[in-house]
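In this text, all values refer to a predicted model and were calculated from it rather than measured experimentally. Only heavy atoms go into these numbers, but all of them, side chains included; no hydrogens, no water, no symmetry mates.
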Amino acid sequence: MNRKLLRRDKRKEKIKKESQETVTRPKSMERIVKEQIEESMEEYRRSNKALFLSALTAGLDLGFSLLVIGVLYTMFSDQLSVEVMQVVLALAYPIGFIFVILGRSALFTEHTTLAVLPVLNGRESLKDLSRIWGIIYIGNLIGGYIIGAAIAYVGPRLGLVTYDSLEAIAKHLIDYSAPLILVSAILAGWLMGLVSWLATSSKETIARIVVVIIVTAVIGLGGLHHSIVGSTEVFAGLLSSDEISLSDYFVTQFWSTIGNIIGGVFFVSILKYQVTQD
């Protein structure tokens, strides 16, 4: 009887030890890819209406990054050096991303990575990928237009944000050549793909929040072009300043979108997927 109890205790101890190792051990690349494919498949199975509403919510939530950045810029731009101001704004940049990613809303620059994986392993087609991207992209943009217009209207009237601040934030994105915007957007798309990858590898909510803050703060610190946040920022600037034109918006938006797709698809989805196949 004592031997049976001893063996049973040893088995329990072994199971407990293996369970603890599972919790603490980092996920393998193969497991991360598998989980990302399953997560992406959930989006493919959703109705167009549900997907659009999720994307619309993401665009709205992401606009709070612009609100906080605008308020901080209005309050401190005359008191802090350009370098310090850039760091302060970079720390505010992740707020909207935390709302979106932890809230599980559909964000285009996250799905440039996620939605490609089921296509790479043959479970979905390019036609289905185009549908997913199109719905999420349009939903994100519309949500951004709504929150951007609200900030441009309410912010100055409440004394939270000045028109000059919104103009300055927008100009920080449009005053570059098309090739430079493209490369900047590729880097931003690459980083957003890493957000998706690292968030999947993290087991705890706190760890995911830290990942989102670190990676998106790099985007903000570098002033890199994010097609959804940037759309909201330039659109709000367009409504606030005569010095920003529709042409400025469309040129910046076009190259930002192309760059984000390249960065997320090639540097994260394709490369990491291929690594797991070797």
Side-chain angles (χ1 to χ4, degrees), residues 19 21-59 61-62 97-140 186-205 207-212 214-216 226-228 257-278:
S19 177
E21 289 178 351
T22 300
V23 171
T24 57
R25 187 188 304 134
K27 295 179 183 178
S28 65
M29 290 187 68
E30 290 79 6
R31 182 179 173 186
I32 294 173
V33 168
K34 182 178 179 180
E35 289 184 9
Q36 288 199 328
I37 290 174
E38 293 305 320
E39 180 180 344
S40 183
M41 288 302 299
E42 293 179 6
E43 301 299 323
Y44 277 99
R45 298 186 189 106
R46 297 175 76 175
S47 67
N48 291 347
K49 179 181 178 181
L51 192 59
F52 174 78
L53 291 175
S54 178
L56 181 69
T57 300
D61 291 345
L62 209 55
F97 289 97
I98 293 174
F99 295 161
V100 170
I101 293 175
L102 295 187
R104 311 303 296 169
S105 298
L107 179 62
F108 177 71
T109 49
E110 186 180 13
H111 282 277
T112 51
T113 299
L114 285 177
V116 171
L117 293 173
V119 177
L120 293 177
N121 79 343
R123 295 178 65 176
E124 296 292 342
S125 66
L126 287 174
K127 180 180 178 181
D128 292 326
L129 175 63
S130 299
R131 178 184 68 86
I132 290 287
W133 274 2
I135 293 173
I136 295 176
Y137 184 69
I138 292 172
N140 285 172
I186 289 174
L187 294 175
W190 186 350
L191 287 167
M192 284 305 303
L194 290 177
V195 168
S196 172
W197 183 270
L198 295 174
T200 302
S201 69
S202 303
K203 300 180 177 67
E204 299 178 354
T205 300
R208 293 190 176 198
I209 292 175
V210 171
V211 165
V212 173
I214 291 174
V215 178
T216 57
H226 186 279
S227 59
I228 308 304
T257 302
I258 297 300
N260 287 170
I261 292 173
I262 294 173
V265 171
F266 179 76
F267 289 102
V268 181
S269 292
I270 293 178
L271 290 183
K272 290 188 180 295
Y273 180 81
Q274 289 301 318
V275 168
T276 63
Q277 303 306 301
D278 294 336

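- Distance alone, capped at 3.5 Å, is enough to place a donor-acceptor pair between the Thr112 side chain and the Thr109 backbone.
- Within 6.0 Å of CH2 on Trp197 lie more than 12 heavy atoms contributed by other residues, nucleotides or ligands.
- Taken from CZ in Arg131 to CD in Glu43, the straight-line distance is 10.0 Å, to the nearest 0.5 Å.
- Residues Glu110 and Ser105 come closest through the heavy atom pair OE1-O, 4.3 Å.
- Taking both residues in full, the closest heavy atoms of Val212 and Ile101 are given as CG2-CD1, 3.9 Å, listed atom of the first, atom of the second, then distance.
- Of all heavy-atom pairs spanning Val119 and Ala115, the tightest one is CG2-O, 3.9 Å.
- The existence of a salt bridge linking Lys34 and Glu39 is excluded, since no basic side-chain nitrogen approaches an acidic carboxylate oxygen closer than 4.0 Å.
- Annotation: side chain of Val268 is not in contact with side chain of Met192 (no heavy-atom distance under 4.5 Å).
- Taken from CG in Leu187 to CD1 in Ile262, the straight-line distance is 11.5 Å, to the nearest 0.5 Å.
- With ring centers used as reference points, His226 lies under 6.0 Å from Phe97.
- Heavy atoms of other residues, nucleotides or ligands lying less than 6.0 angstrom from NZ of Lys272 number more than 12.
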Determine, step by step, whether Phe266 and Ile186 satisfy the side chain to side chain contact (heavy atoms under 4.5 Å, CB included) criterion, reporting the C-alpha distance in whole Å, the side-chain angles of both residues, the deciding distance to 0.1 Å, and the verdict.
CA-CA 10 Å; Phe266 179 76; Ile186 289 174; over 6 Å; no
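- Proximity of a side-chain donor or acceptor of Ser269 to a complementary backbone N or O of Leu117 within less than 3.5 Å is not detected.
- Of all heavy-atom pairs spanning Val116 and Trp133, the tightest one is CG2-CZ2, 3.6 Å.
- Separation of atoms CG (Leu102) and OG1 (Thr205) is listed at 6.5 Å; rounding is to 0.5 Å.
- Judged by distance alone, the side chain of Ser40 and the main-chain N or O of Leu114 form a donor-acceptor pair under 3.5 Å.
- The nearest pair of heavy atoms linking Leu62 to Leu107 is CD2-CD1, 3.8 Å.
- No option in Arg208, Glu35, Gln36 other than Gln36 meets the side-chain hydrogen bond (donor to acceptor under 3.5 Å, both in side chains) test with Thr200.
- Here the CD1 atom belonging to Ile135 is positioned 10.5 Å from the CZ atom belonging to Arg46, to the nearest 0.5 angstrom.
- How far CD1 of Ile228 is from OG1 of Thr257: 6.5 Å, rounded to the nearest 0.5 Å.
- Contact record, Phe108 with Asn140: N-OD1, 2.7 Å, taken as the closest heavy-atom pair.
- Atom CG of residue Leu56 and atom CD1 of residue Ile136 lie 12.5 Å apart, to the nearest 0.5 angstrom.
- Side chain of Asn260 to main chain of Ser227: a donor-acceptor pair is present (N/O by atom type, distance under 3.5 Å, no hydrogens or angles).
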